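Bear in mind the structure is a predicted one, so any value in this text is a computation, not a measurement. Naming: A, B, ... by sequence-line order, numbering from 1 per chain.
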Amino acid sequence: MTTTTQTRNAESARSTITTRRRGDVQRWSLTLIPTTKEAPADAEAPSHKLLVRAGFIRRVGAGIYDYLPLAWRTLGKISDIIRQEMNAAGACEMLMPAMEPLELFADTKRDIDYGDNLFRVTDRHGRANALAPTHEEVITELMKGSVASYKQLPLNLYQIQTKFRDEFRPRSGLLRGREFIMKDAYSFHMKLEGAGGLDETYEKMRTAYTNTFTRCGLDFSVVEAEAGPIGGSASHEFMVNCETGEDIILKCPETGYAANVEKCEIGHRPHDFSGDPTGDLEKVHTPKMASIEDVSRFMKVKSPNMLKTIVLARSDEQRGWVVAVVRGDHEVNEGKVKDAVGFPLAMADEAEAKAAGFAIGFVSPRAARSVGALLVVDPDAAQGTDRDKGKPSFWATGADEVDHHVKHFNWRRDMGEFLDSDNAIVADIRNARAGDPSPRAVGAALTEGRGVEVGHIFKLGTKYSRAMGFLVQDESGDRNAVIMGCYGIGVSRTLAACVEMSHDDNGIVWPMALAPYHALVTVMKVDNAEHMAHADRIAGELADAGFDVLIDDRDDRPGSKFKDADLIGIPIRLTLGDKALEQGGVEFKLRTDPGKGEVVAMESIVGRCLEAANAAEHCR
RNA sequence: CGGGGUGUAGCGCAGUUUGGUAGCGCGCCUCGUUCGGGACGAGGAGGUCGAAGGUUCAAAUCCUUUCACCCCGACCA
């Protein structure tokens with residue numbers, strides 16, 4: 001550090017309260033940034049390769065990584081944004097232990113639900129402990145002993161902390177590790193609606209999450225996810241959009257509606273059972289071919305011309321069968337079937353279904369009538385006429401006889417009046433896919449995208465409070481189970497997702513908000529005292545303006561320094577060398593700019609950088 | 001948990017079929033020449049060949065056992 005920098009630091013250290021943040025200045029030679037030309041052989045995902053190559057992370061064990069200085073700085077920036085948004089939304093930070101006694105799971109049985117994914121640790125006395133995967137039990141236990149009156153609620157508490165999950169298969173570097181950094185928040189309420197209710201906090205969290213990821217400079221989608229125990233839109237996932245994402249999401253290009261595959265609704269699709277038969281029912285011997293693909297290939301019938309018939313069993317107190325029918329190339333969505341029939345159900349036990357008379361693997365819609373079941377047909381399967389071709393629909397389906405299928409199935413002829421009875425309904429019961437009509441805009445088609453889940457908020461209801469006996473007295477003196485919400489952000493995963501979303505052939509391209517340093521001062525001749533003095537002065541001025549600055553003071557060849565600069569992805573590069581100095585300036589180049597950049601006069605550098613930083617804010 | 005694969009220098013790899021005392025590229029150290037997009041020359045350091053046991057005069061190499069890691073699938077509040 002130069003004397004000027006030291007003096008400035010000393011000055012800011014003297015004041016007890018600062019209203020503006022002074023940026024950091026760091027010399028490359030005094031930190032650890034071990035860049036490499038080659039990525040480890042086992043890395044596949046772009047973020048994994050680049051984070052290792054750029055010296056952000058190093059593998060310690062399967063799914064366990066060191067966060068090196070650059071990574072730690074970026075994680076700090078993500079955490080800072082999260083803290084600001086959480087605090088602004090009325091949540092309060094605390095810290096719980098990473099380890100917890102296994103006894104805490106006694107009431108919720110989550111140790112069983114989690115199974116082998118729960119890291120277990122036995123201490124010297126033989127006590128069973130767990131490394132926490134999340135903290136519902138710990139915080140509920142805390143609240144149980146600290147909150148006894150409705151007057152103390154609502155509350156929303158959060159922490160940023162390392163979490164553990166003994167994944168079967170850790171992969172893709174930071175995207176799915178066994179140890180990861182997470183922000184988890186838990187809110188507590190006496191009611192769902194109105195002031196102080198769960199719904200209110202949930203909406204605040206949804207806004208806070210949207211603000212957080214927007215400020216991080218991420219391109220993301222908010223998608224409706226599987227409903228929680230309360231139902232409705234009780235759960236949202238925040239997905240960073242990128243090709244390499246593990247999760248598939250569907251979006252309506254006109255309304256912004258987005259949902260994951262499980263949850264996505266499909267817009268109106270007309271249906272009509274009427275239409276002439278395409279021929280007499282023709283039974284075909286299809287030995288041991290129970291799958292659509294096998295039968296399709298064998299009978300030379302395309303899967304969209306087949307009916308896929310799934311047998312489900314009612315899973316509440318009442319007994320009963322449900323036969324769900326979709327087109328051969330579609331997938332039955334159990335959740336949607338459940339919503340359509342109005343009672344819980346599950347895939348039928350094969351033995352029981354066979355005993356009841358279903359030829360499992362060779363079932364046709366006719367079985368609903370002959371065996372006695374509620375028939376639910378997806379609109380795309382409920383067609384007597386092929387609309388596109390304007391002629392009767394050709395259907396192949398099971399023969400309700402082991403090892404046989406039939407061709408020329410016709411809804412009217414083969415099902416008769418059963419279709420008009422209360423035991424036959426048509427409803428959206430399949431998974432959505434790209435090209436399906438949007439449920440929110442007539443004429444719009446859903447598009448498919450991929451993403452990495454970085455945030456998830458949901459309404460827990462009273463699952464944990466009931467299980468653990470967290471009851472609080474309300475105004476009338478009654479003791480009620482507290483209603484909870486829970487809100488998570490994968491902090492370390494956000495770091496990796498950002499790299500997945502934003503990189504090029506040369507390396508990482510950080511958004512300004514998450515970059516470990518905003519600017520990199522690349523000094524060409526580090527043994528030239530005058531040049532170094534310029535670098536220190538420029539860095540100091542930038543730091544005063546709030547920029548975090550890294551000075552590349554390594555005595556290395558220009559080529560490798562430029563390559564490293566691109567690799568670690570600092571947004572602004574200032575090159576200090578003879579060429580620009582002769583013109584009284586330095587070279588200014590954004591990571592996203594091609595070429596060598598432009599010469600900017602010394603006195604204009606800070607202004608030029610501020611301009612770039614602000615432009616970056618706005619374009620996100 | 002099923003299928004496939006890999007463990008040799010910090011990283012990337014060859015050598016294993018056919019046993020003979022360990023090599024290449026990058027990186028690192030020293031010296032010199034270089035110096036605006038991963039320089040060149042000369043010299044040098046660095047390896048219990050994942051571990052244990054066995055066969056053999058001799059094992060990275062053959063045999064047995066074991067451990068670790070990766071990829072695909074299944075799974076994933």
J.: With P as the reference atom in both, quote the distance from B:G43 to B:C26 in angstrom, rounded to an integer.
T.: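 Each nucleotide's P atom is 15 Å from the other's.
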J.: Of all the choices, B:G12, B:A77, B:G37, which nucleotide is nearest to the side chain of A:Pro40 once you look at every atom?
T.: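 Nearest to the side chain of A:Pro40 among the choices is B:G12.
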J.: Please give the nucleotide sitting opposite B:C40 as a Watson-Crick or G-U wobble pair, both distances under 3.5 Å, or none.
T.: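 With both distances under 3.5 Å, B:C40 matches B:G32.
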J.: Measure the acute angle between the ring planes of A:Phe119 and A:Phe164, then classify it against the limits of 30° and 60° as parallel, tilted or perpendicular.
T.: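 Rings of A:Phe119 and A:Phe164: perpendicular, over 60°.
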J.: Please state the P separation for the pair B:C40 and B:A74 - nearest whole angstrom.
T.: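 It comes out at 47 Å once rounded to the nearest Å.
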J.: Are any side-chain N or O atoms of A:Lys144 and backbone N or O atoms of A:Met468, one a donor and one an acceptor, separated by less than 3.5 Å?
T.: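 Flag set: sc A:Lys144 to bb A:Met468 pair under 3.5 Å.
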J.: Nearest whole angstrom, please: distance from the P of B:C11 to the CD1 of A:Ile33.
T.: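 Distance check: A:Ile33 CD1 to B:C11 P gives 20 Å.
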J.: Is there a Watson-Crick or G-U wobble partner for B:C26 with both distances under 3.5 Å, and if so, which one is it?
T.: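 WC or wobble partner is B:G10.
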J.: Whole Å only: how far is the CD atom of A:Glu136 from the C1' atom of B:A77?
T.: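 So the two atoms are 7 Å apart, to the nearest Å.
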J.: Determine the Euclidean distance between corresponding C1' atoms of B:A22 and B:C49; express it in Å to zero decimal places.
T.: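 The same atom, C1', in both gives a distance of 8 Å.
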J.: Nearest to the side chain of A:Leu567 - B:G38, B:C69, B:G37?
T.: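 Of B:G38, B:C69, B:G37, B:G38 is nearest to the side chain of A:Leu567.
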J.: Give a yes or no on whether the backbone of A:Met96 and the side-chain of A:Gln161 come within a donor-acceptor separation of less than 3.5 Å.
T.: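 Yes, because the side chain of A:Gln161 sits within donor-acceptor range (under 3.5 Å) of the backbone of A:Met96.
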J.: Could you work out the separation of B:G44 and B:G38 based on their P atoms and round it to a whole Å?
T.: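 One P to the other, the span is 29 Å.
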J.: Measure from CG on A:Leu118 to C1' on B:C75 and round the result to the nearest Å.
T.: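 It is 16 Å, rounded to the nearest whole Å.
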J.: Starting from the 5' end of RNA chain B, give me the residue, A:Ala62 or A:Leu581, whose nearest nucleotide shows up first.
T.: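 That would be A:Leu581.
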J.: Could you label the plane-to-plane angle of the A:His236 and A:Tyr202 rings as parallel, tilted or perpendicular, counting under 30° as parallel and over 60° as perpendicular?
T.: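 It falls in the tilted class, 30° to 60°.
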J.: Roughly how many Å apart are B:G7 and B:G15, using the P atom of each and rounding to a whole number?
T.: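 The same atom, P, in both gives a distance of 10 Å.
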J.: What's the closest nucleotide to the side chain of A:Glu587 if the choices are B:G36, B:A77, B:C11?
T.: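 Among the listed nucleotides, the one closest to the side chain of A:Glu587 is B:G36.
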J.: Which whole-number value in Å describes the distance from A:Phe164 CZ to B:A77 P?
T.: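 Between P of B:A77 and CZ of A:Phe164: 20 Å.
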J.: Could you please name the option among B:G37, B:G12, B:C76 that lies closest to any side-chain atom of A:Phe562?
T.: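 From the listed options, B:G37 comes nearest.
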J.: Check A:Arg608, A:Lys579, A:Arg573 against A:Glu598 for a salt bridge (Lys or Arg N to Asp or Glu O under 4.0 Å) and give me the one that passes.
T.: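 The passing option is A:Arg608.
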J.: Picking from B:C69, B:C26, B:G37, which would you name as closest to the side chain of A:Lys563?
T.: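 Of the candidates, B:G37 comes closest.
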J.: Can you tell me the distance, in whole Å, between the CE atom of A:Met182 and the P atom of B:A77?
T.: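 One finds 11 Å between P of B:A77 and CE of A:Met182, rounded.
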J.: Between A:Ile248 and A:Asn260, does the side-chain contact (heavy atoms from CB on, under 4.5 Å) criterion hold? Intermediate values first, please.
T.: CA-CA 6 Å; A:Ile248 295 172; A:Asn260 65 22; over 6 Å; no
J.: May I ask you to decide if the ring planes of A:Tyr209 and A:Phe213 are parallel, tilted or perpendicular, using 30° and 60° as cut-offs?
T.: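 The rings of A:Tyr209 and A:Phe213 stand perpendicular, inter-plane angle above 60°.
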J.: Expressed as a whole number of Å, how far does the C1' atom of B:A77 sit from that of B:G73?
T.: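 Between the two C1' atoms, the distance is 23 Å.
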J.: In the structure shown, which nucleotide is the Watson-Crick or G-U wobble counterpart of B:A74, with both distances under 3.5 Å?
T.: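 B:A74 is unpaired by these criteria.
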J.: Give me the distance, rounded to whole Å, that separates B:U64 from B:U56 when you measure between the C1' atoms they each carry.
T.: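 The same atom, C1', in both gives a distance of 16 Å.
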J.: By nearest heavy atom, map A:Ala43 and A:Asn117 onto RNA chain B; which one lands nearer the 5' end?
T.: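 Between the two, 5'-proximity favours A:Ala43.
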J.: Could you tell me how far apart A:Lys596 (NZ) and B:G36 (P) are, to the nearest whole angstrom?
T.: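 That distance rounds to 9 Å.
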J.: For the side chain of A:Arg165, starting at C-beta, report the closest nucleotide among B:C35, B:C70, B:A77.
T.: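 Selected nucleotide (nearest to the side chain): B:A77.
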J.: Do A:Asp556 and B:G38 have a side chain to base donor-acceptor pair shorter than 3.5 Å?
T.: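 Result: no qualifying N/O pair found.
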J.: Figure out the CG/C1' separation between A:Asp527 and B:U34, and round it to whole Å.
T.: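 Answer to the nearest Å: 13 Å.
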J.: Pick out which of A:Leu576, A:Leu550, A:Ile570 makes a side chain to side chain contact (heavy atoms under 4.5 Å, CB included) with A:Val521.
T.: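 So, applying the side chain to side chain contact (heavy atoms under 4.5 Å, CB included) to A:Val521 and each of A:Leu576, A:Leu550, A:Ile570, only A:Leu576 qualifies.
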J.: If you only use heavy atoms from C-beta on, which nucleotide in B:G37, B:G36, B:G12 is closest to the side chain of A:Asp566?
T.: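 So the side chain of A:Asp566 is nearest to B:G37.
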J.: Within 45 degrees of the ring normal and closer than 6.0 Å to the centroid, is that where the cationic atom of A:Arg165 sits relative to A:Phe180?
T.: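 Not flagged: A:Arg165 not positioned over aromatic ring of A:Phe180.
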J.: What is the base-pairing partner of B:A51, counting Watson-Crick and G-U wobble geometry with both distances under 3.5 Å?
T.: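 B:U65 - that is the nucleotide pairing with B:A51, both distances being under 3.5 Å.
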J.: Which residues, if any, of residues 571-578 of chain A bring a heavy atom under 4.0 Å of RNA chain B?
T.: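 Residues of residues 571-578 of chain A that come under 4.0 Å of RNA chain B are, in numerical order, A:Arg573, A:Thr575, A:Gly577, A:Asp578.
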J.: Is the distance between the ring centroids of A:Tyr65 and A:Trp72 less than 6.0 Å?
T.: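 For A:Tyr65 and A:Trp72, the ring centres are not under 6.0 Å apart.
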J.: Out of B:C26, B:A77, B:C69, which nucleotide sits closest to the side chain of A:Arg59?
T.: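 My answer, after comparing the listed nucleotides, is B:C69.
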J.: How long is the line joining CD of A:Glu167 and P of B:A74, in whole Å?
T.: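 Value for this atom pair: 15 Å.
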J.: Checking contacts here: which listed nucleotide (B:A77, B:G38, B:C75) is nearest the side-chain heavy atoms of A:Asp564?
T.: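 Minimum distance to the A:Asp564 side chain belongs to B:G38.
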J.: Using the P atom in both, what is the distance from B:G50 to B:C11, to the nearest Å?
T.: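 One P to the other, the span is 14 Å.
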J.: Just by distance, do the side chain of A:Arg120 and the backbone of A:Ala128 share a donor-acceptor pair under 3.5 Å?
T.: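 No, the answer is negative, given that no donor and acceptor are paired below the 3.5 Å cut-off.
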J.: Write down the atom of A:Ala467, the atom of A:Asp107, and the distance for their closest heavy-atom approach.
T.: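 Scanning both residues completely, I find the closest heavy atoms to be O-CB, 3.1 Å.
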J.: Please list, in numerical order, the residues of residues 172-180 of chain A that have a heavy atom closer than 4.0 Å to any atom of RNA chain B.
T.: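 Those residues are A:Arg176.
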J.: Taking 4.0 Å as the cut-off, does a side-chain nitrogen or oxygen of A:Arg557 come that near to OP1 or OP2 on B:A39?
T.: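 For B:A39, OP1 or OP2 has a side-chain N or O of A:Arg557 closer than 4.0 Å.
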